[in-house]
Each structure stands twice: as structure tokens, then as C-alpha cells.
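Labels below follow one simple rule: chain letters A, B, ... track the order of the sequence lines, proteins then strands, and each chain is numbered from 1.
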Amino acid sequence: MSTIKVLDDKNYDHEAVEAECRDLWDETRIYEFDPQSGKPVFSIDTPPPYVSAAHLHVGHAMSYSQAEFIVRQRRMAGYEVFYPMGFDDNGLPTERYVEQTYKVDKKTISRADFRQLCIDETAKGAVTYEAMWRALGLSVDWRLRYSTIDDHCRHTAQASFLDLYKKNLIYRANEPVLWDTKYETALAQADLETLERKGKLYDIRFSAPDGTPLVISTTRPELIPACVALYFNPEDGRYAHLAGGEAIVPLTGHAVPIKTSAEVKTDFGTGLMMVCTFGDGEDVRKWKEDKLDTRLVINQDGKLNDLAGKYAGLDVQTARGQIAKDLREAGLVEDERNVEQAVSVGERSGVPVEFAMAPQWFVSLLDKKQELLARGAELGWFPDWMKARLDHWIEGLKYDWNISRQRFYGVPFPLWYVEETGDVILADPEQLPVDPTEDAPPQWAREKYKGMTITGEADVMETWFTSSMTPLINANWVGTPGRIGTMDVYPMSVRVQAFEIIRTWLFYTLVKSHFHTGSLPWKEVMISGWGLNEQGKKISKRDLEKFTDQDGYNRYDPYSLVRRFGADAVRYWAAGSHLGNDLRFHEKDVKAGRKIVVKLWNVARLATMHLEGFDPSAPRPPVAERTIEDRWVLVELNRLVETLTRGFETYDYAIGREALERFFWRVYCDNYVELIKDRFWTPERHSDASRLSAQATLYESLRTLTALFAPYLPFITEALFQRIFKPLEGGVSIHVSDWPAPQADVVDDGASEAMDLVLGILAGVRFLRSEAKVSQTRRLDTLTVECPDDATRARVEALATSLLAATHAARLEFGSGETDTPIDGIRVAITVAEQEEAAE
RNA sequence: GGGCACGUAGCUCAGUUGGUUAGAGCGCCGUGUUGACAUCGCGGAGGUCAGAGGUUCGACUCCUCUCGUGCCCACCA
């Protein structure tokens, strides 16, 4: 027979407990995915963070914790959990970081050497990240880790390219592309941000061949040398006579055609529009549709070229000022005024994008919008209103997906070009991953193009081309030997991510899955908000640096918080906002988390004191025979279980936290455990049966509470399980025990109503004690209850035992009360026990 | 300009299909300790639920409009 021992540690030592739990979890390997378990699989696709550039802050801790609440609950609910973790060490952020850290230039270092530096650097970052995730208690199966530059991921990305190529979903074109002049690379639409700024709108005088002035309006005078046409609205009577004619461009003196377009607004500026190569997307469209001349005046480095005449060599900004000045001096500026403009800038560079002509690889999207919208509609969205963001993005797509980047560090395209014929040689699937700038093309190609010049594609794929593969990376789509995970876990159960990358990561992943597998990548998506600083702004590097004190403590640094308050406390904070909503960080909220952890420890200590010697394997009193206090708490507990289970089904961890907190504090600690004390303190007025009833109920409720708290507070709940419950019921860990189900034999047979009466009277007594400055535990001589009618009096009388126990009173009397209670018509009064007075 | 979300106590937020005197945490005030917990208990103050209309027997909740905040999208050159 096993019985319960009292918890011996008076103080809860989170550091010791967390270390103990981590060791236990490592040793027992309970988080490892077992494909043979026969249980339904719950697989989760979480963001692979950039490991180099950014430092972790509580916002990261928040969103990963929110996902992990769900994971832990699903594991307990009987799912076989597949929980990998990835790191994104590809792409521009890493490249920039390495360039700056090692002071290297991509033009003077070999691709292999540079990649090695990136790999080394990101390996360091990954160590930090893994340590952080472990400290937070993320139940990741670390055998499933991937990093986007490793062989498996490069292989997957290149296989994706080959598959798209075969399916005719990818093409190469030499078209105007969005161009970042700072990093000198092409960009995709999704890489753009909008910058609001003040600009100037100039009215500038062009002329007709006969010298008649023609005044156009533009915010970009530096593009005048690139002008290839003027447009006006066909409805615009002012210019009707110009149609089909020509205009002479100032500064350069070249002639351009004058055309009409319904899109020109008659009330904007002068109603005459200058079209250039290329000022914006509209220019590109007219250039294509009307087969305009090409006068590309801005080079890939953002400087003007020889077409700009004396302005050659100036950057866009300088040229704009210089040209405006010269035009003004020449008397050609009719008007200039300030305007608000919205310009597209590179997300990373912050520099306004230009257009450049360079051959690029594109994935077809524009003719697939309907299919992609349909896929998006198949997904289960949590919260559901986030779906609108994807729909709007797809509807607003203007370009196919340009995946070429004129950068260095990324996954190479698996192909070579034959200079003489222009043919494209694709890598053989067996030779992936391949780097065409270093590796030879396949044997058959070397033979076929013998004697010709074969060059590997020097561009690399953009980073999203790889990260959009994470579900297929996890499911080992390419069949890398030795990797755990097969297409059996595909589509995955859920993707977790923040809202700002719906248009990128979510969208591209959907695209890839649709094209490669004809199915969704996951069944559902869980979209989280951001952790914000006290001011409600995104947490910045500045926050992380500025608020560090002498001890190295920083309130935005998850490590600092975990060390000071414990991982459970940080996680408890993270559960504080509903899914999809931002959460402001306040240290005091983590302290509140800490408080509930300590309270849980203490209430467990109290329970073990009352339960000392209790044998849970012995028959317990049927619920129907227990006291009303016990039946009441079990009814409340059943409701709690239902609430949490329902919340978790829709990824709403916050419902559960809220309900748990309310139950734990208001029902359990403040009332239930106080109400049962009398049965142990004054055994002479309670039966053995009622004591056993309390013990059984206390045991059951504490066990259920431990399980319900487990997804949120994995460490303390594990500690309680190991110390109290495991010796009695066996099992390895609370985290692989069963998720609680409502107890079927618990029905609300009036216990709640009766307890309302007891608690109402108790509230009145507590008020009187407080008024009279009498301790809440001091014994009362009499409890006097004033009832409005005989029926109420009879109900109160029937509850005498409970009332005396609750109020620690010796006698119940009926008479006139001193104060109201929350219950209509019932008033109470108290007298303090004489003998205690004497004892003092 | 369009879309999405939001506006509830000093601060941060709950409030599940509309139903009696709107809740919590923190903060504030008062008070209590030989029996889990001062990392605590008990009590208290504090809100015209952004504003205005409308639907309804009844609105924090549903509808319309206005104001304000955040984010996303947008070629007004």
C-alpha cells in the first residue's frame, strides 16, 4: 500500500525543479516521436528563427510558448506528437551579419568560404536558441531539428525547383523586376514595405515639336531622361489635339510619343503624365502593353548612367535635387508643391525600390490565384478573421514570384547554362544538393555539350523558397536517409506563426504544397500576435540593450526572466492574451505568474498534510455520498475541465488560463481548502466518513488541477506529479498522463445552490471579522443568522454543519443580524469565542 | 483611399450564442498572523462599458454612423 507523504520543501525552488525536470525529460525521452505508437499524429510546423542577426526577446518566448501549450495538451489528449524545431540560417540577414562581423565582401571571398563563415556563425546561434527553448520547457523532439542550409534542406529546395520546372510552373524571363539598389538584388512583391513620406510634385514644362508648352506633373524629375511617352486621359478635352503627336523632353531633347490611357486622372496635376523606364509598376505595364522604348537610366547600384548626360554617376536622390534645380533655373518648373506619397521600399534595406532588367526565375502565381484562394479556404484558421489577410494578399498579387537573388549565401539553383545554345541543364535528382558554381553538370550534359562553355547559375534562391518547404522538410519529402519523419505526417496538423508573415511564409508554403502535392501543407493554422514592450511597441534591440542592469538582468530577455521568476512564470504570462492578439509585456505580470506557481506548491503542501496516510487505491466514498462542499468543488471542476478542453480544441489557451486562474484562486484556494480545514482541525464534530470524503475529493481535485495546469506550467506540475502522484499511480510524467475528462458521476444535485448560501453567509462573516479587526481563523462563539422567512431558515438550519465549519463558529443561532450578506434578506452577526479571549 | 482588429476600473486585460447590482490581476486604502502560503489572508474604494442613434420587454454584447488607436494593403504619376 502506498500512501501520501507531506511535501517537505517549504519553499519552492524553481531552479532546482526545472533542472530536475529537464533531466527527467531527457532521460525518459517522452517527447520523442514514435511512428509505431498507433496513436493519431499531431504534427506542428513552427517558425525556424533566424539564428544570427536578431537576439531573442520575450516576444519570441511568448509565441513559441503559446504554440507549446497546445502541443502539451494534445500529447496528454492522446496524440502522438511530432514536434520538430528548425533554424533559418539562410538569406540576407545572415549574410549581412557575417559581412559586418567578419568585415568581408562578397566580391572578394569565395562562395564556399563565405558559406562556411555563415554556417559557423549560425551554429553558434543555434546553440543559444536550443538552450533557450529547453529553458522555457518546449517539448521539442530535438532529433527532428533542421537548419535551412543543411544538406537535407538544400536538397529539398532544389528538388522543389526541379519539380516545378517539370510541371511547367517555373520560368526564366528577362523582364523589369523589383530591384533593391542597396543590396543590388531583385526582390519579390512580398519583400516590399510601404514608406509614407513627404515628396514634391513638380509641374514641368515639356514642349510640342512646334514649341507649344506641354506641362506634366511628376514627383520624380530625375526620371525625365528616362521618359519614353506622355499620356493623357482620352476624355480630357484639353489635350485631345495632341493624340498621336510627339513631345520634346527637356534636358535631353529627345522626342517621345503622346498617347492616351483611361487610367490617367484628369484632376491629378496637369492631367499630363510622363511615363519612364521605369518609375513604377504602371510604367512597366504601359511599356509592355504599348511597346514603348526602353531608356533605362538607373543602374543596379542606384546611380544614373550615361543616358542621363551630365547627371551620370549621381544617385537617384542627388540627381532629383540637381535636376529640379536646373529645371527651375531654366524656368521650366511651372509649379512645385508638397505632397504625401507612399513609396515601396525594400523590407530589409529601407531604400526605395527601382526596376531593373535582369534575367530571373519566376514561379507562376498570377494565373493560379483562384486555386490558391480555394486552398486558403480549405484551411482551418485560428483566429478565423486572419484568413482575410491571405485572401487580400492573393487578390492583390501583381507579379509572379521572383525567386532569383543576386546574392551569395543561399541555396543555389540546381542548373547550368550552355553559353552557345542558351540551353538550361538541370541537375540530376541524385546529385542534389548541388552547387553549380562548384560542381560539374551531369555526365549526359557534359557529353552532349562537349566543347561548349557551360556555366553554373550564380544567383541563389531567395530564402522563402526554402522556408516555404518546412512541412515537406519535416515530412522528409526527398527521402533523406536516416531522417525521422515520413510523408505519413503530411499534411501536418498545424502551422503556427505570427500574422505579419502570412503573405510570405504562410502563402509561399501553401503555394509549394499545392504545386508539389496537390494538397494543403497543414490542416489548420494558428496565428499569434506579438509580444510588445511597455509602450505597446514592437520590442527592439534597443529595449534589450537599454534596460540591462548591473547583474546582467534585462526584463525583455527571456533568460533573465526564467532565472529570476522561473520558466513557468514566463509561460503563464505568455498565456495571457487571446490567440492572435498582441500582448504587452509588464514584468509584474510575470511576477503574478510566479505567484500562482508558488501558491500551487503551497496548496499541494497543505493537501499532502491533510492527505497524510490516505490510500487512493482503497475504495473511495461515492460522489453522491460526499459533503456538499466536496460535491460542489467537483461540479466546478467538471465545468473547468470542459472549458479548458473546449478552448484547446480551437487553439485558445487563454480561455483555459483564465478559467483555471479563476477556479484555482476563487473556488479552490480562497474557499474550498478553507472550508475543509474544520474537518481536520475539529475532528470531534465531523464523522470519519466526512473526513474521508474530504480526502478523496482533495486528492482527486489536486490531481485534476495538476493535469490542467500541466500545459501551462510544465515544471511545477511535473514536480508535483513526481512527488505525490507517481508513487501511487505509476506513470512516467504528468506530460504523458491522460488529459482529464469530466467525472461522469458528478452531477449538480443542488450542492451549488446550497454552497451559494454557505458562501454568502461566509462573506458576511468575513466582512464582520474585518470590520471588528478579528482574525479570519479565530474561533467564533456564535454565528447569528437573520432569515427573511421560515423556508430560508429551514435551508440554513440544514446547512448548520457546513456553516459552522466554514465560519469556525461553535453555535448557530437565529436572530437579528448586523450586516447584509450577498443573499437577499439574510443578515448575520457574530460573537467571538470567550475562551480564546481568555487565552490571550 | 480600402481592409482587418481594437476602444470596458489609475494600468494590463476577461466578459462563450443579448438576461438580475459589469469581473480579474497589478496599483491604491484599511486590516489580520502560533494550525500551506507575508512569494499570504480578509475587507474596501474605483467604471455614464469611446460617443450618437437604432433593433428589442431587455444591449458591454446585435445593426448604422461618428471619433480615436494599431496593423495590413493601395500606381494617384
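- Contact annotation: A/K398 side-chain N/O to B/C75 OP1/OP2 distance is under 4.0 Å.
- As the counterpart of B/U69, B/A5 is assigned, both hydrogen-bonding distances of the Watson-Crick or G-U wobble pattern falling under 3.5 Å.
- At whole-Å resolution of the value, CZ in A/F664 and C1' in B/A24 are 15 Å apart.
- Side-chain N or O atoms of A/W381 include one that pairs as donor or acceptor with a backbone N or O of A/G376 at under 3.5 Å.
- Residues A/T194 and A/L201 both approach RNA chain B. Their nearest nucleotides, taken by heavy-atom distance, put A/T194 toward the 5′ side.
- Note on ring orientation: taking the six-membered ring where Trp is involved, the planes of A/F585 and A/W573 are perpendicular (angle over 60°, cut-offs 30° and 60°).
- The pair A/D543-A/K537 fails the salt-bridge criterion, with no side-chain N (NZ, NE, NH1 or NH2) lying under 4.0 Å from an Asp/Glu carboxylate O.
- In this structure, B/U64 and B/A52 make a Watson-Crick or G-U wobble pair, each of the two defining distances being under 3.5 angstrom.
- The side chain of A/Q535 contributes no N or O atom lying less than 4.0 Å from OP1 or OP2 of B/G70.
- Side chain A/E263 to base B/A77: no donor-acceptor pair is found below 3.5 Å.
- With respect to the salt-bridge test (charged N to carboxylate O, under 4.0 angstrom), the residues A/D293 and A/R295 do not qualify.
- Proximity note for A/A342 (side chain, C-beta onward) versus B/A74, B/A77, B/C37: the nearest is B/A74.
- As the counterpart of B/U20, no nucleotide is assigned, since no Watson-Crick or G-U wobble pattern has both distances under 3.5 Å.
- Note: CG (A/L532) to C1' (B/G70) measures 9 Å, nearest angstrom.
- Remark: B/G25 base-pairs with B/C11; criterion is Watson-Crick or G-U wobble with both hydrogen-bond distances under 3.5 Å.
- OP1 or OP2 of B/G15 lies within a sub-4.0 Å distance of a side-chain N or O belonging to A/H578.
- When distances are taken from the side chain of A/E658 to each of B/C76, B/U33, B/A14, the shortest belongs to B/A14.
- Mapping A/V774 and A/R666 onto RNA chain B via the closest heavy atom, the residue that lands nearer the 5' end is A/R666.
- Straight-line distance from the CG atom of A/N602 to the P atom of B/C37: 7 Å, rounded to whole Å.
- In this structure, the aromatic ring of A/F268 is not positioned over the six-membered ring of the base of B/A77 within 5.5 Å between centres and 30° between planes.
- Distances shown here put a side-chain N or O of A/N581 below 4.0 Å from the OP1 or OP2 atom of B/A14.
- Residues A/Q66 and A/S528 share a closest heavy-atom pair of OE1-CB, 3.5 Å.
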Any N/O pairs under 3.5 Å between the protein and nucleotides 10-12 of chain B? List them or say none.
residue: B/U12; atom: OP1; partner: A/R584; partner atom: NH1; Å: 3.3

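- Rounded to whole Å, atom C1' of B/A77 lies 8 Å from atom CG of A/D283.
- The separation of B/G18 from B/G58, taken at their P atoms, amounts to 15 Å, rounded to a whole angstrom.
- For A/R389, whose side chain is taken as the heavy atoms from C-beta onward, the closest listed nucleotide among B/C4, B/A36, B/C42 is B/C4.
- Figure legend. B/C40 is base-paired to B/G32; pairs are counted as Watson-Crick or G-U wobble with both atom distances under 3.5 Å.
- Checking B/A45 for Watson-Crick or G-U wobble geometry (two distances, each under 3.5 Å) identifies no partner in any strand.
- Using a 4.0 Å cut-off between charged side-chain N and carboxylate O, A/R639 and A/E636 make a salt bridge.
- The CG-C1' distance, from A/L768 to B/G43, rounds to 11 Å in whole Å.
- Of the candidates B/A36, B/A77, B/C42, the closest approach to any side-chain atom of A/L606 belongs to B/A36.
- The base of B/G30 sits with one of its N or O atoms less than 3.5 Å from a complementary donor or acceptor on the side chain of A/S770.
- Regarding contacts with the backbone of B/G41, a side-chain N or O of A/K599 is found under 4.0 angstrom from either OP1 or OP2.
- Nearest to the side-chain atoms of A/K773 among the listed nucleotides B/U31, B/A77, B/C42 stands B/U31.
- Between A/H808 and A/W681, the two ring planes are parallel [angle under 30°; tilted spans 30° to 60°].
- Of all non-hydrogen atoms in A/K398 and A/L366, the two that sit nearest each other are O-CD1, 3.5 Å.
- Closest contact between the side chain of A/M609 and the listed nucleotides B/A77, B/G25, B/A36 involves B/A36.
- Proximity of A/K595 to the phosphate of B/C26: a side-chain N or O atom is located under 4.0 Å from OP1 or OP2.
- Here A/F648 and A/Y712 bring their ring centres to under 6.0 angstrom of each other.
- Contact check, A/W601 against B/C40: no side-chain N or O comes under 4.0 Å of OP1 or OP2.
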